[in-house]
Amino acid sequence: MLANDLSPVATADTARDFAGIASGVDAAFVSLYFSITLIVLSLAAGNLGVRLIDRWLTKRLVRVSISGLSFSLIVSLMAMLSVDPDAELADTPLGLIAVVMALQAVNIAMLAVSLHDLGRTMFIDTSIDRLAKDARTTPVQVIGRPAAEIEFRQTLRASRAGYVEGNDLSDARKRLRDHPGVVRFCAAPGQHVLEGQPLVVLENAFDEPDAILRCVPIGPYRSDSQGTVFQVRLLVEIAARALSPAVNDFYTAIAAADNLAVAMADHASIWVSADRVTVLNEEPRFELPGQDFRGLFQDPMNAFRQAACDYPSVTIRMINNYKRLIVSLHEGGDFDPDHARFLGRLARELRDHAAEVTEYDGDRREIGKSYQELEAVLDSLTGSAADRVAAD
């Protein structure tokens, strides 16, 4: 470096001073980042809920920023201890000093980006948009097959209570490649199970049951690792929190309702009629009850109805979203009347619940008008209201 006039410092004493200053700057950066983080997250937890904060903490940008600042601090301290201020410049670790300089530039840029992202955490629409994008990924591709009477000879039970993190069906397919018979995964991702509750039942006994149980991991709490199930429920939770008396932000609830409609449209392909068994598309002998469209959305949308029924504007918006979903299903070409009737039933239950609690007659009429428009669409696509009642 000296031969090519690339020395980053003029003297060894300057190198040590720079390394010391860099260490102090990095320590200040770490303190600043954590102090601002604690303040912002404390405020955000009251507005957004702690589960959104958990999603933020698991972001790659956040982890890279924290680890990068810590790594830079360690390198700066090592550089400071490696420099003898009385040594000749040729005996000074100039390469290490240059690395410290480069790390300072990178850390300043990363800190700016991270603080900007941290500030955006308080913006609820950003979180809703990210959740909706994550929720668009279909958890598993499932189809329906006719139900059959099967005698299951082996039951694998949960070793502890908790929430099902997911079903590792790829690993299960490898382990059961040469094993005959139907396998039913009884617990869907996100479902809470008790110790001893059945997780997997097999038509024929398998010699390594623990290997199959490892394909159904159980966690102590709900988390983003559960995938679409968690993200859909979190959208509903945001809407419910926005509609609580403490927040009373119905426009945020409307945004959540719109993005729930987007998620439902993206998962239309996993609809399975109630008279059929949900199975894995690539492995039809793997039964997956509760992992179809109905299992993914029925409970969350019931919870949404309970929160939205007191707000006519949110109720009307969601009924219109159900109507738009039915129309898009028909225009998509793969139309199942049972799917449309299911969405119509959710809309009808929302209308009935809202009509019971709405005090103003004008709001009640507007809610009824919105549902009548949806019902007209259903009549034209699936038959009369009497037929739908019979189907329900």
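Note: hydrogens, waters and symmetry copies are ignored here, and every other heavy atom, side chains too, is used.
Taking a 6.0 Å sphere around CZ of Arg160, one finds it holds more than 12 heavy atoms contributed by other residues, nucleotides or ligands. Crowding of Met78 atom CE: a count of heavy atoms from other residues, nucleotides or ligands under 6.0 Å not exceeding 12. Taking a 6.0 Å sphere around CZ of Arg157, one finds it holds more than 12 heavy atoms contributed by other residues, nucleotides or ligands.
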Check against side-chain hydrogen bond (donor to acceptor under 3.5 Å, both in side chains), Thr11 and Thr14
CA-CA 5 Å; Thr11 65; Thr14 303; 2.8 Å; yes

For Met318 and Val314, what are the C-alpha separation, side-chain angles and deciding distance, and is it a side chain to side chain contact (heavy atoms under 4.5 Å, CB included)?
CA-CA 6 Å; Met318 196 64 222; Val314 182; 5.5 Å; no

Walk me through it: do Met101 and Phe18 pass the test side chain to side chain contact (heavy atoms under 4.5 Å, CB included)?
CA-CA 9 Å; Met101 289 183 175; Phe18 172 76; 3.2 Å; yes

Run the numbers on Tyr163 and Gln191 for side chain to side chain contact (heavy atoms under 4.5 Å, CB included), then give the verdict.
CA-CA 6 Å; Tyr163 293 90; Gln191 180 179 334; over 6 Å; no

Phe185/Phe286 under ring pair (Phe, Tyr, Trp, His ring centres under 6.0 Å): CA gap, chis, key distance, verdict
CA-CA 7 Å; Phe185 292 83; Phe286 281 11; 5.5 Å; yes

Could you give me the CA-CA distance, side-chain angles and deciding distance for Tyr322 and Met301, then say whether side chain to side chain contact (heavy atoms under 4.5 Å, CB included) is met?
CA-CA 11 Å; Tyr322 285 133; Met301 297 316 298; 3.3 Å; yes

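The two residues Ala79 and Ile97 come nearest to each other via the heavy atoms CB-CD1, 4.3 Å. Heavy atoms only, all atoms of each residue included: Ser313 and Phe250 are closest at OG-CD1, 3.6 Å. Between Val229 and Gly190, the shortest heavy-atom distance links the atoms CG1-CA, 4.1 Å. Nearest heavy-atom pair, Phe304 versus Ala253, reported as atom, atom and distance to 0.1 Å: CE1-O, 4.4 Å. The two residues Ser273 and Asp336 have their closest heavy-atom pair at OG-OD2, 3.4 Å. When every heavy atom of Gly219 is checked against every heavy atom of Glu165, the shortest pair comes out as CA-OE2, 3.2 Å.
With a 4.5 Å cut-off on side-chain heavy atoms, Glu282 and Arg173 count as touching. Contact annotation: the side chain of Leu288 never approaches that of Val279 to less than 4.5 Å [non-hydrogen atoms, C-beta and beyond]. By the 4.5 Å heavy-atom criterion applied to side chains, Leu235 and Ile128 are counted as neighbours. You'll find the side chain of Glu88 reaches within 4.5 Å of the side chain of Asp91, heavy atoms only. Counting heavy atoms from C-beta outward, Met1 and Pro8 have side chains that approach closer than 4.5 Å. Two residues are said to be in side-chain contact when any heavy atoms from C-beta on lie closer than 4.5 Å; Val183 and Leu176 meet this criterion. Side-chain contact between Asn107 and Asp26 is present, with heavy atoms from C-beta onward closer than 4.5 Å. Contact of the Ser269 side chain with the Gln141 side chain is registered, since non-hydrogen atoms from C-beta on lie closer than 4.5 Å.
For Phe29 and Tyr33, the distance between ring centers is not under 6.0 angstrom. Between Phe293 and His267, a ring centre-to-centre spacing not shorter than 6.0 Å is recorded.
Taking 4.0 Å as the cut-off between side-chain N and carboxylate O, Lys174 and Asp171 do not count as a salt-bridged pair. Using a 4.0 Å cut-off between a side-chain N of Lys or Arg and a carboxylate O of Asp or Glu, Arg345 and Glu349 qualify as a salt bridge. Remark: Asp13 does not engage Arg16 in a salt bridge, criterion side-chain N to carboxylate O under 4.0 Å. Salt bridge absent: Asp361 and Arg365 never bring a charged side-chain N and a carboxylate O closer than 4.0 Å. Salt-bridge formation is not detected for the pair Arg60/Asp117: no Lys NZ or Arg NE/NH1/NH2 atom is positioned less than 4.0 Å from an Asp or Glu carboxylate oxygen.
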Could you list the donor-acceptor pairs under 3.5 angstrom formed by side chains in residues 196-216, with sequence neighbours left out?
unit_1	atom_1	unit_2	atom_2	d
Gln197	OE1	Leu194	N	3.1
Glu203	OE1	Val182	N	2.9
Asn204	ND2	Pro180	O	3.1

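Taking the six-membered ring where tryptophan is involved, the planes of Phe342 and Trp271 are tilted, since the angle between them lies from 30° to 60°.
Under the 3.5 Å distance criterion, the side-chain polar atoms of Arg364 are matched with a main-chain donor or acceptor of Ala355. Here the side chain of Ser244 pairs a donor or acceptor atom with the backbone of Arg241 at under 3.5 angstrom. A donor-acceptor pair under 3.5 Å is absent between the side-chain atoms of Asp363 and the main chain of Glu359, judged by distance alone. Side chain of Ser70 to main chain of Ser67: no donor-acceptor pair is present (N/O by atom type, distance under 3.5 Å, no hydrogens or angles). Thr228 places a side-chain N or O within donor-acceptor distance of the main-chain N or O of Thr137, the cut-off being under 3.5 Å.
To the nearest 0.5 angstrom, Leu374 atom CG is 9.5 Å from Leu325 atom CG. For the atom pair Ile319 CD1 and Thr315 OG1, the distance stands at 6.5 Å (nearest 0.5 Å). Here the straight-line distance linking atom CG of Leu296 with atom CD of Gln231 works out to 10.0 Å at 0.5 Å rounding. For the atom pair CG (Leu378) and CG (Leu381), the distance works out to 7.0 Å, reported to the nearest 0.5 Å. With rounding to the nearest 0.5 Å, the separation of CZ in Arg348 from CG in Leu343 is 12.0 Å. We find the CG-CD1 distance between Leu103 and Ile74 to be 11.5 Å, quoted to the nearest 0.5 Å.
Cluster annotation: Leu280 is not connected to Ile150 through the hydrophobic network of ILVMFWY side chains, with a link wherever side-chain heavy atoms come within less than 4.5 Å. Val193 and Phe152 are assigned to two separate hydrophobic clusters, defined by single-linkage of ILVMFWY side chains at heavy-atom distances under 4.5 Å. Following chains of ILVMFWY side-chain contacts shorter than 4.5 Å, one cannot reach Val62 starting from Leu73, and the two form parts of different hydrophobic clusters. Under the 4.5 Å side-chain contact rule for hydrophobic residues, Val377 and Phe335 share a cluster. Val262 is not connected to Ile326 by any chain of hydrophobic side-chain contacts under 4.5 Å among Ile, Leu, Val, Met, Phe, Trp and Tyr, and they are in different clusters.
A donor atom on one side chain and an acceptor atom on the other are found under 3.5 Å apart for Asn321 and Arg324.
Remark: Arg351 is positioned above the aromatic ring of Tyr371, its terminal NZ or CZ atom under 6.0 angstrom from the ring centre and at most 45 degrees off the axis.
Taking Asp129 as the reference, Lys133 meet the side chain to side chain contact (heavy atoms under 4.5 Å, CB included) condition, with sequence neighbours excluded.
Cluster partners of Val113, using a side-chain heavy-atom cutoff of under 4.5 Å among ILVMFWY residues and allowing indirect links, are Leu61, Val64, Val106, Met110.
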